[in-house]
There are 2 protein chains.
Amino acid sequence: MTAVPEAGRPVRLLLADDEHLIRGALAALLALEDDLLVVAEAASGPEALAMARAHEPDVAVLDLQMPGADGVRVATSLRAELPGCRVLIVTGHGRPGHLKRALEAGVRGFVPKTVSAQRLAEIIRTVHAGNRYVDPELAADAISSGDSPLTAREAEVLELAADGAPVVEIAERAALSQGTVRNYLSSAVSKLGVENRHAAVRLARERGWV
Amino acid sequence: MTAVPEAGRPVRLLLADDEHLIRGALAALLALEDDLLVVAEAASGPEALAMARAHEPDVAVLDLQMPGADGVRVATSLRAELPGCRVLIVTGHGRPGHLKRALEAGVRGFVPKTVSAQRLAEIIRTVHAGNRYVDPELAADAISSGDSPLTAREAEVLELAADGAPVVEIAERAALSQGTVRNYLSSAVSKLGVENRHAAVRLARERGWV
DNA sequence: ATCTTCCCCTGACATTTGTCATGCCGACCG
DNA sequence: CGGTCGGCATGACAAATGTCAGGGGAAGAT
């Protein structure tokens, strides 16, 4: 139950972020901490998985937005393959829904990139010790925005509408009549309290509900 | 005309990025270079301007996406107030149009965050020596996507339509008849070769034309 | 000077989208 | 069991949107 393993073996880290500049800088800063050791780096989701299998790190620090597979998906796979590896997600602009999905995927920590490196190092130790850490502000956002009020079909139709497709196309893809599609869209719009379907799509995206 | 001022006074840098983690890490890495000196940091557009006025750096390294005012806007102000200060823009996901606007604003360098810190240091020296540097891949994107085919009004109307506002509202805000607004929207859609206004907004955003 | 071309602007018409009333089915409760 | 509630689905009607033909004016070409 020691939070900081003073003289023990260091915490082995995997760092995954598609931005070289940031990943490298982060690796350099975390290397300054005596009890932390970066054993692998990755620039994409699949690469992160491969690196994790090869090096079996204690803690995986994953960016939420990566090419190939996002942080949450990687976390899900890791949970199955390497149960001993704790996952910490770092994100630029956190959406409430992402936090929820991340926690469901067994992620132990969730922090925005606005924290300092010093703070991040502390959080890595917290997570490694078996505790959880969620950024208070992101947690508050997630709680205040609550669960999705949308039903399964509403969310499905809204997702198909997300890229501006016309109703006919959505109806075809969902195997529904046009009237039904409009109805779901309308219902989603009123539940979300917005003006039109496009605002609904934006809001649902912000909240991470689609 | 010395590209690397070996024993001269160091290059004075301003670093602006809203993500603490990255800014701090970057500052630490650049500090390792003997000829570079970070004299100021900022987390927002206005703050970056204030810091620049106070410290008069040789080179300003600005993130493109910042609260308050984006990198290009800051660059425009800097050009007027501190003509001696070179501006280098760093961006996560570069849109072609942003590069063009940046160059028009007198920016001397434009690089994605996928470069290494080592490389960034070299580019800072290049820019400080009075030369320009634009990431080859971003430049290729910008050239292949070309100039905006939209007229001034078309772009204006498209921008007002960007957040899903209905035509009536756009017409009011632009002081136009509804028919005219629809016409501009329609023209933009056909010029961009897409299905509907929403796809047009997305494409124009991607290209940095709005 | 006149012609051509492009941009700006408009209203009328057809199409698409949003809203409403309605029916069906399964789940939950008394 | 019968009743009620919420999700799923539909078509009819009203409102918003996209498309079209066309007029006026400024800039550049012949």
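Letters A, B, ... mirror the listed sequences (proteins, then strands); counts begin at 1. Here the structure is a predicted model, which is why all the values come from computation and not from measurement.
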> Could you state the CG-P distance from Leu160(A) to dT17(C), rounded to the nearest angstrom?
Replying inline: 14 Å
> Is the backbone N or O of Pro149(A) less than 3.5 Å from a side-chain atom of Lys191(A), with the two atoms forming a donor-acceptor pair by type?
Replying inline: yes
>> If the test is side-chain hydrogen bond (donor to acceptor under 3.5 Å, both in side chains), which one of Arg119(B), Arg125(B), Gln118(B) qualifies with Glu122(B)?
In response: Arg119(B)
> Considering only heavy atoms, which members of residues 182-199 of chain B lie under 4.0 Å from some atom of DNA chain D?
Replying inline: Arg182(B), Asn183(B), Ser186(B), Arg197(B)
> Does Thr180(A) make a side-chain N or O approach to OP1 or OP2 of dT10(D) shorter than 4.0 Å?
Replying inline: yes
> Phosphate oxygens OP1/OP2 of dT10(D): is one of them under 4.0 Å from a side-chain N or O of Ser177(A)?
Replying inline: yes
> How long is the line joining CD1 of Ile170(A) and P of dG18(C), in whole Å?
Replying inline: 9 Å
> Quick one: is Arg153(B) getting a side-chain N or O under 4.0 Å of the dC7(C) phosphate, OP1 or OP2?
Replying inline: no
> Given dT17(D), dC8(C), dT17(C), which nucleotide is nearest the side-chain atoms of Val167(A)?
Replying inline: dT17(C)
>> Checking contacts here: which listed nucleotide (dG11(D), dC8(D), dC8(C)) is nearest the side-chain heavy atoms of Ala152(A)?
In response: dC8(D)
> Taking atom CZ of Arg202(B) as the centre, does the number of heavy atoms from other residues, nucleotides or ligands within less than 6.0 Å exceed 12?
Replying inline: yes
>> Could you check whether Glu104(A) pairs with Arg101(A) (Lys NZ or Arg NE/NH1/NH2 to Asp/Glu carboxylate O, under 4.0 Å)?
In response: no
>> What's Thr151(A) touching, base or sugar-phosphate or nothing? Going by heavy atoms closer than 4.0 Å.
In response: sugar-phosphate
>> For Glu81(B), is the CD atom crowded, meaning more than 12 foreign heavy atoms sit under 6.0 Å from it?
In response: yes
> Going through the checks in order, is the side chain to side chain contact (heavy atoms under 4.5 Å, CB included) test met by Leu158(A) and Val201(A)?
Replying inline: CA-CA 6 Å; Leu158(A) 200 56; Val201(A) 166; 3.9 Å; yes
> Please give, in whole Å, the distance from dG6(D) C1' to Leu150(A) CG?
Replying inline: 15 Å
> How close or far is atom C1' of dG18(D) from atom CD of Gln178(B), stated in whole angstroms?
Replying inline: 13 Å
